[in-house]
Amino acid sequence: MNPDTLSTPSQYTWAGRFSEPMSDLVKRYTASVDFDKRMWRQDIRGSLAHAKMLARQGIISAEDLADIQRGMVQIVGEIESGAFEWSLDLEDVHLNIEKRLTTLVGDAGKRLHTGRSRNDQVATDIRLYLRDSIDDIQILLGQFQTALLDLAEREATTPMPGFTHLQVAQPITFGHHVLAWYEMTRRDAERFAGVRKRTNRLPLGAAALAGTTYPIDREFVAAELGFEGICENSLDAVSDRDFAIEFCAASALLMMHVSRMSEELVLWMNPRFGFVRIADRFCTGSSIMPQKKNPDVPELARGKTGRVYGHLTALLTLMKGQPLAYNKDNQEDKEPLFDAVDTVTDTLRIFADMIPGVTARPENLRDALRQGFATATDLADYLVRKGLPFRDAHEAVGLAVRRAEERGVDLPQLPLAELQSFSPMIGEDVFAVLTVEGSLDSRNHIGGTAPEQVRAAIARARQRA
Ligand code: ARG
């Protein structure tokens, strides 16, 4: 390393132990302030709770506490107004704030770090930050779910083809399809609630790794910060990031669900399907092809799913094989975690906004149903009710479908006499079964597609909300 690139030693924090300055490259490589400063509110909240406990326990004086509180109020103002000067020399959010506090209030600022370490401090900050983020995400998920329920309600009776293998399978209601999306988000919300519970524990008090010699009161700090409990082992408290990994796993699953909805919206918007319209403000045009209207928002959501999967893999890999206790590797937890938070938050916000702008196109949905022999299973079930074994019914209907296909018509357009050539059990009443409405209404049990069930499911969902 060229000595010219060595900066003046600014490591006021540990200068006593060191005999040569850090190079600019090492400084830039090891610093995290550029990305961890977003946790400044949590850092200050944690410090204030810690200071309050120190004073209650007689470890610092009441005057020191008052000074710390006064200094922090000023720092909050400075950060909010943009006047605060973040310095790379001070490595991270913790040292930046502590240094400023000391400049403002003197020795009281230097006493704040008594009985704690940046290791338990950062673990506390991340947990607080993530807890706040999960709370925001739950609110957005709730708004997204309301939008889905409203759409399901608007289209509770609208028939559309249900697919398996992306081939027309059976008639379903549009509302029923949207309720499937809703169910996915319900489990997502449950998962985030579980992650929140395990995130919501206090590491402070673990200090660097072994605990501290001061008579601290961890339960008090936990209560001050709204934690449900404390991390019970100091080594584990400062080192594990499993809660962040879990958050990314829950986020990856949520995004996977969003990507599936997105894919369907992209397909459905294609004129070959023409199943839905999406409000123009969620689409963009082409710079060269004047006729284009592209479903950019669902496409991007589909794409951003990969990025969240990447963050999950990054954090799993970061943690793999790490010996106890804290290792600097863990500083790398923040960027993937923050980006996962941002991606999920933005995606939910935009989807909650977009879903009310989705409208079904009932005439196209019905056309698609007509082309796919969607009521063939209903005909087979009809024959079973008349006494034919299911396998025989299946075969008879298969032959009928082939005939209809040859003639270029749908099953209900075949004359009765012709239908009877496939099974003498077929009577005049078959046409009621072959209609789309008959097919839908007959699947009238909990979880089924009948409009009555769709409405009941929506009512249950609204009740829970
Ligand atoms: N910026 C560090 C991090 O994000 C804070 C903890 C540093 N601790 C240490 N012993 N170097 O993990």
Taking salt bridge (charged side-chain N to carboxylate O under 4.0 Å, His left out) as the definition, give me every residue that meets it alongside [X], ordered by chain and number, with sequence neighbours left out.
X	value
E405	none
E395	none
D34	none

Does a side chain donor of either [X] or [Y] reach within less than 3.5 Å of an acceptor in the other side chain?
X	Y	value
T284	D296	yes
Q453	N444	yes
D36	H94	no
D120	Y326	no

Heavy-atom pair of closest approach, residues E332 and L315: O-CD2, 4.4 Å
Go through E452 and T157 one step at a time and tell me if the side-chain contact (heavy atoms from CB on, under 4.5 Å) criterion holds. CA-CA 9 Å; E452 194 181 321; T157 59; over 6 Å; no
Cation-pi between R38 and F338: NZ/CZ under 6.0 Å from ring centre and within 45° of the ring axis? yes
Both conditions, 6.0 Å and 45 degrees, for the charged tip of R127 above the ring of F227: are they met here? no
Do N270 and V266 come close enough that some side-chain heavy atom pair is under 4.5 Å? no
Does F247 form a ring pair (Phe, Tyr, Trp, His ring centres under 6.0 Å) with F192? I'd like the steps, not just the answer. CA-CA 7 Å; F247 173 83; F192 281 118; 5.6 Å; yes
Taking the six-membered ring for Trp and the single ring otherwise, decide whether the centroids of H177 and W268 are under 6.0 Å apart. yes
Under the 3.5 angstrom rule, does the side chain of [X] hit a backbone N or O of [Y] as a donor-acceptor pair?
X	Y	value
T313	Y309	yes
N327	A325	yes
Q167	F163	no

